[in-house]
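Below is one structure; the comments refer to it alone.
As a basis for the values below, the full set of heavy atoms in this structure was taken, side chains included, without hydrogen atoms, waters or symmetry mates. Everything numeric in this text was worked out from a predicted model, so none of it was measured.
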Amino acid sequence: KYFDASLEDLAKQAGASSRTIERLIQSQLDMKFTDWRRLMRIQTAILLLSQGRSVTEVAIEVGYKSTSAFINAFKEQMGSSPKQY
């Protein structure tokens, strides 16, 4: 799963150095790689939840080790729980 891939692995797949990818994310998106990955997880989660998938299923799919960790991250990013959203 690409959500679990390291920055180095993703950069290698893109044919660039990890430092180049870090710089591009910072300059283009004004965020760190870890923040970008968290945002991508949450955006993917929203898509999956809108398709009727369960919160637990989505949490696992987007790379969280537990449902509660996913719910906490979702609340922090979106201001409400996945079910409320």
Side-chain angles (χ1 to χ4, degrees):
K1 296 184 180 189
Y2 65 93
F3 289 116
D4 296 327
S6 68
L7 173 60
E8 291 74 21
D9 290 340
L10 293 173
K12 186 176 180 180
Q13 289 176 23
S17 73
S18 57
R19 185 67 188 125
T20 296
I21 299 298
E22 276 184 314
R23 276 192 226 125
L24 283 170
I25 291 171
Q26 184 65 48
S27 68
Q28 300 286 322
L29 304 174
D30 194 30
M31 63 178 67
K32 295 178 182 180
F33 171 75
T34 54
D35 297 332
W36 173 81
R37 183 194 310 255
R38 184 179 317 113
L39 183 60
M40 291 301 97
R41 283 179 167 159
I42 297 300
Q43 288 181 343
T44 301
I46 290 169
L47 176 65
L48 296 173
L49 290 165
S50 73
Q51 295 171 352
R53 308 264 298 269
S54 74
V55 172
T56 299
E57 194 177 12
V58 170
I60 293 166
E61 180 72 24
V62 299
Y64 285 88
K65 302 291 183 206
S66 71
T67 304
S68 61
F70 168 67
I71 291 169
N72 288 335
F74 195 97
K75 280 181 182 177
E76 185 178 308
Q77 188 73 39
M78 303 305 296
S80 65
S81 73
K83 284 202 182 250
Q84 291 171 330
Y85 188 81

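W36 places a side-chain heavy atom less than 4.5 Å from the side chain of L29.
Atoms CZ and NZ, on F70 and K75 in that order, are 11.5 Å from each other to the nearest 0.5 Å. One distance of note links NZ of K83 with CZ of F74; it measures 12.0 Å at 0.5 Å rounding. Distance OG1/T67 to CG/N72: 11.0 Å, rounded to 0.5 Å. Interatomic distance, CG of L10 versus CZ of R37, reported as 6.0 Å (0.5 Å rounding). Atom CD of residue Q26 and atom NZ of residue K32 lie 8.0 Å apart, to the nearest 0.5 angstrom. To the nearest 0.5 Å, the span separating CG on L7 from CD1 on I25 amounts to 6.5 Å.
Here the closest non-hydrogen pair linking L48 and E61 is CD1-CG, 3.5 Å. Across I21 and A11, no two heavy atoms sit closer than the pair CG1-CB, 3.7 Å. Nearest heavy-atom pair, S66 versus A59, reported as atom, atom and distance to 0.1 Å: O-CB, 4.3 Å.
Comment: D35 engages R38 in a salt bridge, judged by a side-chain N to carboxylate O separation of less than 4.0 angstrom.
Annotation: F33, atom CZ; neighbour count of heavy atoms from other residues, nucleotides and ligands within 6.0 Å is above 12.
For the side chain to side chain contact (heavy atoms under 4.5 Å, CB included) with P82, the lone residue among I42, I46, V55 that qualifies is V55.
Residues L24 and L39 do not share a hydrophobic cluster, clusters being chains of Ile/Leu/Val/Met/Phe/Trp/Tyr side chains in contact below 4.5 Å.
Side-chain atoms of R53 never come within 3.5 Å of backbone atoms of L47 as a donor-acceptor pair (strictly under, hydrogens ignored).
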